Amino acid sequence: MLDFAFNLDALDAAARRGMSAFALPGHLTLAEWADQHFYLSKESSYVEQHWQPWPFQRGIMAAISNDDIEEISVKKSARIGYTKIVLASLGYFAHHKRRNQAIWQPTDDDAIEFVKTEIDPMLRDVNAMQDIFPAFLRRDKDNTLTQKKFLGSIVYIRGGKAAKNYRRISVDVAILDEVDAFDASIEREGSAVSLSAKRTEGASFPKKIRGSTPKLKHFSQIDDCINSADVLLRYHIDCPHCEKTHALTWGGKDEPHGFKFTERDTETVRHLCPHCGVLIDQHEYLAAAPAGRWRSDDGVTMDNDGLFYAADGSPMDALRHVAFHVWTAYSPNVLWSSIAREFFEALDKHEIGDATKMQAFVNTTLGETWAESLRTTEAEDLRARAEPYKLRIIPMGGLLLLCGIDTQDNRLEVSVWAYGRGCESWIVHHHVIHGNPEQQEVWNKLDAYLAEEFNHSSGKAMLIAAAAIDSRGHNTQAVYAWAAKRRRCKVFVIAGRSGRERAIVDGSSHVDVDWKGRRIKNGVILWQVGTNLAKDRILSRLNIERPGNGYIHFSDELSDEWFAQFAGEARASRQTARGEETKWIATRKRVEALDCCVYVTFLESYFHLDRRPASYWSRLEAKAQPATDDFFAPESRRDDDGEEIMPMPPQQKQSKPARRRAGNFATTW
């Protein structure tokens, strides 16, 4: 009987142990769970011990465990314990919330190293994980370098360079570690940010966590995440002297806040309060840090429990996308004096022309992007080189008219450019058609404009030979519908592709399909434009000083706003393993004049105008008119010798072109 009772007790204990993995525990925040369970392993920590989060870490952890916050973006320096937060999050979601997760590292090697030095030691040393991980410390298909299968959930660990590593994964939590080290586009399928976010679609409580030490300004993916967030928070403390709140900042020599020191004596470093102007030392900061809170520039506050308050102190709902910025000065493990020494060492190198240490200081200590110099074009310089020719009158030398059309929510903007020998070009006219592109009236006005004749200086009339229209934005289907009815015309529907494009004409695809998913014959073709490469070409031509091959002419009748738009972007570049990567950065909101020129540059590239022989331009010059009788001709115009002047796009050419009524543009269009 004793044996029987003992066996029942043992069976009951075993059953309870097994069923406990499926029990619903009381709710814990990430910080509370970490206080109970998380442990710092010797492989990844200076000291092996139970983990006590630093004050500023608790707010980030509260946001991660708040189901109302869908996205968390952390722009950080090194040495602030972010990896430990991520590691604790993996354990928390597996053990406490039973949610499927995926974490991507920049490369496969990074992912393998992360498993060996971080995840595996955590699974070994955090006792709670052993309760839900049957494959603990044994070789098993559920315990590999690419996945860890728990009771009720799974963690995928992947490298971020291959697009296949983002497929066939459905998770609740998607984590990107060091997102600035990822390729801008993963095998031309999109950014790691967008590809990983797709894996959480359909989750009841989707969570997207992205963190990184930033790298180059204008190429920083973590900056893009920060800019799209609902709020950017920095950790504030109460000044022990005036009790007003402020964040720790590096400041600068002439700034009324931030780090200050006497000459180069790093032991004198203190932080200047922006409110009362009193210096505090690191000990005073450490004493004030536990009572700190995360705060935005406009007064939105989040405390260490993850509760939000408006600028007037009233409670508010949690925001969907919350961003944090934190840098090395907040770490209790780093002396402020060592930060100052690091700065002066970098400054000494920078003053003799070596910027590498200063860039490392800005990135890894301040947690900020490093700003490379930009190549800019000044609107005033373009205005100064403008010439006294009238708009809508094609100057001598202009032999072919090309048109770029930019779509906006409340208007269409149209630029007409004339091309001559050696791709010398003239802006002939810029026209704005006001109205919602969803309304047919707007497209009727565009049709009428494209059918207009432009007078040449020789007295002949010329018509637009081809047009490219932007399809990106809120009116894509309206653009497709307009273009579909004009497939016999030289109308090109285009979309910009920036980032590692191969050419200005960067491919095409059919976008008209039937209900079975089959492409419609003679349907709309979407052409991809390498916008960065097109703008590079425009910039290089602006550097040509004398009229001739490639020179760009401007009329002095153009408005100041047009010139500002044309000069409204700057060129940033960086060296990568694949060569120089270029990115154009908007310096103002409106840049339609430049965009229209990009679309015309696409047409120039499509028709290979830069490769045309002299005989081609001589024939056009002799006629002083464009290649076709009008913009609506269904087939190409041929010269007296029967040679094609402006070939139709192969995909758009009709085997049996319909006849049109000569001169009746309205019915043809």
Side-chain angles (χ1 to χ4, degrees), residues 183-185 188 191 215-221 224 370-379 381-382 385 402-406 415 417-420 422-427 466 468 470 472 492 494-508 527-554 562-588 590-612:
D183 291 341
S185 181
R188 302 177 65 82
S191 69
K215 292 188 176 181
L216 286 179
K217 191 173 184 179
H218 308 305
F219 293 92
S220 172
Q221 296 189 65
D224 292 340
W370 175 254
E372 296 278 9
S373 58
L374 299 176
R375 291 189 63 184
T376 60
T377 302
E378 297 298 331
D381 294 339
L382 298 182
R385 61 181 274 180
L402 301 177
C403 176
I405 307 165
D406 188 61
S415 285
W417 288 77
Y419 270 73
C423 291
E424 189 173 4
S425 61
W426 293 258
I427 174 67
D470 169 42
R472 288 290 186 252
F492 295 78
I494 61 174
R497 172 185 284 163
S498 59
R500 301 196 183 283
E501 59 262 40
R502 296 165 296 183
I504 294 176
V505 181
D506 206 25
S508 64
W527 292 88
Q528 299 292 336
V529 182
T531 55
N532 284 328
L533 296 177
K535 291 170 186 175
D536 286 348
R537 176 178 290 185
I538 294 168
L539 177 63
S540 66
R541 288 179 175 175
L542 289 175
N543 292 327
I544 299 174
E545 297 180 352
R546 297 181 180 179
N549 290 352
Y551 188 82
I552 299 177
H553 297 263
F554 302 105
W562 189 93
F563 282 106
Q565 290 182 19
F566 199 87
E569 293 195 4
R571 181 181 185 269
S573 62
R574 66 172 176 177
Q575 291 297 327
T576 69
R578 302 178 185 179
E580 185 181 59
E581 181 181 347
T582 295
K583 186 174 184 179
W584 283 79
I585 312 300
T587 58
R588 70 193 312 269
R590 292 189 56 183
V591 291
E592 290 89 342
L594 177 60
D595 287 340
C596 288
C597 187
V598 168
Y599 310 153
V600 169
T601 304
F602 161 83
L603 293 172
E604 170 201 325
S605 297
Y606 178 87
F607 291 115
H608 303 299
L609 296 186
D610 57 335
R611 305 180 195 175
R612 293 286 179 173

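What you see is a predicted model, and the numbers here were worked out from it, not measured in a lab.
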Can you tell if the side chain of Glu569 reaches within under 4.5 Å of the side chain of Ile538, non-hydrogen atoms only?
no
OG1 of Thr377 to CG of Asn543, rounded to nearest 0.5 Å, is 7.0 Å
Do you know which two heavy atoms are closest between Trp417 and His553, and how far apart they sit?
CZ3-O, 4.2 Å
Tell me the closest heavy-atom pair linking Arg472 and Ala495, and the distance in Å.
CZ-CB, 3.3 Å
Treating Ser540 as the side-chain partner and Arg537 as the backbone partner, does any N or O pair qualify as donor plus acceptor under 3.5 Å?
yes
Spacing of Gln565 atom CD and Cys597 atom SG [to the nearest 0.5 Å]:
12.5 Å
A side-chain contact here means heavy atoms from C-beta on lying under 4.5 Å apart; do Ile504 and Thr601 qualify?
yes
With side-chain contact (heavy atoms from CB on, under 4.5 Å) as the test, would you mind laying out the steps for Asp470 and Asp595 before giving the verdict?
CA-CA 9 Å; Asp470 169 42; Asp595 287 340; over 6 Å; no
Heavy atoms only: give me the nearest Ala379-Ala567 pair and the separation to one decimal.
N-CB, 3.7 Å
Are any of the side-chain heavy atoms of Arg546 and Tyr551 separated by less than 4.5 Å?
no
Quick check: do Tyr599 and Leu603 have side-chain heavy atoms less than 4.5 Å from each other?
no
Close side-chain approach of Phe566 and Ile427, heavy atoms under 4.5 Å
no
Can any side-chain N or O of Thr587 pair as donor or acceptor with the backbone N or O of Gly568 at less than 3.5 Å?
yes
CZ (Phe563) and CZ (Phe554) are apart, to the nearest 0.5 Å, by 6.5 Å
Look only at the side chain of Arg385 and the backbone of Ile552, and say whether a donor-acceptor pair between them is shorter than 3.5 Å.
yes
pair Arg541-Ser425: side-chain heavy atoms closer than 4.5 Å:
no
Looking only at non-hydrogen atoms, find the nearest pair between Gly404 and Cys596 and report the distance.
O-SG, 3.6 Å
Within this structure, what is the SG-NE2 distance for the pair Cys423 and His608, rounded to the nearest 0.5 Å?
11.5 Å
With side chains defined as the heavy atoms from C-beta onward, is the minimum distance between Asp506 and Leu533 less than 4.5 Å?
no
Parallel, tilted or perpendicular: which fits the ring planes of Phe607 and Phe492, with parallel below 30° and perpendicular above 60°?
perpendicular
Within this structure, what is the CG-CD distance for the pair Asp183 and Gln221, rounded to the nearest 0.5 Å?
8.5 Å
Atom CH2 of Trp527 and atom CD1 of Ile494: how far apart are they, to the nearest 0.5 Å?
11.5 Å
